[in-house]
Amino acid sequence: MQVLLSEADIQTRVRDLANEIARDHPDGVHLVAVLKGAFVFLSDLARAMPGHCSVDFMAVSSYGKGTSSSGQVQVLKDLSSDVEGRDIVIVEDIVDTGLTLTYLQQILRARSPRHLRTACLLSKPSRRKVDVPVEYIGFTIEDKFVVGYGLDYAEKYRNLPYIAVIGD
Ligand code: IMP
């Protein structure tokens with residue numbers, strides 16, 4: 001495995017994103033993390049956030065155990081509180097084809113939040129199948145399958161503190 005982003009690179013960028021998000025949400029922000037991949041990003045982002053924030057979680061199925069998108073997204077776990085009238089930031093690990101995020105944004109927008117924005121640690125623009133708005137992007141990467149910092153391959157490697165490329 002080859003390290004693509006070191007622990008230090010990630011921590012610096014996550015702090016910048018937290019400051020940017022806090023600046024854009026002076027009344028506080030409700031972070032909605034997408035399980036399982038975003039759990040590490042969410043925990044670092046929330047702890048680096050200078051302003052008020054609350055957190056909630058959703059789980060969706062997208063890829064099963066493979067490495068390519070089926071385009072089929074299903075809600076496995078829904079939020080535990082209402083988002084109507086609130087400032088929401090979806091916290092995602094990675095936008096690849098964009099299908100999962102598009103679906104999530106549609107679901108949450110239908111619940112009438114005041115603002116709905118999205119933070120993704122990683123983006124692979126060359127893989128995009130749908131154009132999806134992402135206001136906060138940590139790093140733009142090439143079309144490589146990556147693991148670590150919450151991201152898995154068949155449920156492995158989520159605990160790595162850095163991001164690495166597998167299959168090279
Ligand atoms: P999308 O619907 O194709 O944008 O896929 C988004 C989801 O696929 C992410 O939330 C990840 O769970 C997973 N995914 C996409 N690319 C990778 C990768 O390189 N490594 C690990 N998981 C990935």
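Computed from a prediction, not measured in an experiment: that's the story for all the values here. Numbering of ligands and ligand atoms starts at 1, following listing order.
- Of all the atoms in ligand 1, the ones that sit under 4.0 Å from a non-hydrogen atom of T100 are 1 (P), 2 (O), 5 (O), 6 (C).
- Among V130, L99, V146, the residue whose heavy atom lies closest to atom 20 (N) of ligand 1 is V146.
- Between R158 and D93, none of the side-chain N atoms (NZ, or NE/NH1/NH2) sits under 4.0 Å from a carboxylate O, so this pair counts as no salt bridge.
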In residues 27-34, what donor-acceptor pairs under 3.5 Å come from side-chain atoms, sequence neighbours left out?
residue	atom	partner	partner atom	Å
D27	OD2	R114	NH2	2.9
H30	ND1	S54	OG	2.7
H30	ND1	R86	NH2	3.3

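- Residues L101 and C120 come closest through the heavy atom pair CD2-SG, 4.2 Å.
- Distances below 4.0 Å separate heavy atoms of L151 from the following atoms of ligand 1: 21 (C), 22 (N).
- Ligand 1 places these atoms under 4.0 Å from at least one heavy atom of K144: 19 (O).
- Atoms CG and CG, from L108 and L79 in turn, are 6.0 Å apart once rounded to the nearest 0.5 Å.
- To the nearest 0.5 angstrom, L122 atom CG is 13.5 Å from K144 atom NZ.
- Considering only residues two or more places apart in sequence or on other chains, E135 meets the side-chain contact (heavy atoms from CB on, under 4.5 Å) condition with R117, T118, P133.
- With a heavy-atom cut-off of 4.0 Å, K129 does not touch ligand 1 at all.
- Expressed to the nearest 0.5 Å, how far CG of L121 lies from CZ of R13 amounts to 9.0 Å.
- Looking at G98 next to ligand 1, an N or O pair under 3.5 Å apart turns up.
- Atoms of ligand 1 lying under 4.0 Å from at least one heavy atom of D152, given by number and element, are 21 (C).
- Looking at ligand 1, you won't find any N or O of V95 less than 3.5 Å from one of its N or O atoms.
- At least one heavy atom of D93 sits under 4.0 Å from some atom of ligand 1.
- K124 counts as a contact of ligand 1, since one of its heavy atoms falls under 4.0 Å from the ligand.
- Of all atoms in ligand 1, numbered sequentially from 1 with element shown, those under 4.0 Å from a heavy atom of E92 are 10 (O).
- Between the CD1 atom in I10 and the CZ atom in F139 there is a gap of 6.0 Å [rounded to 0.5 Å].
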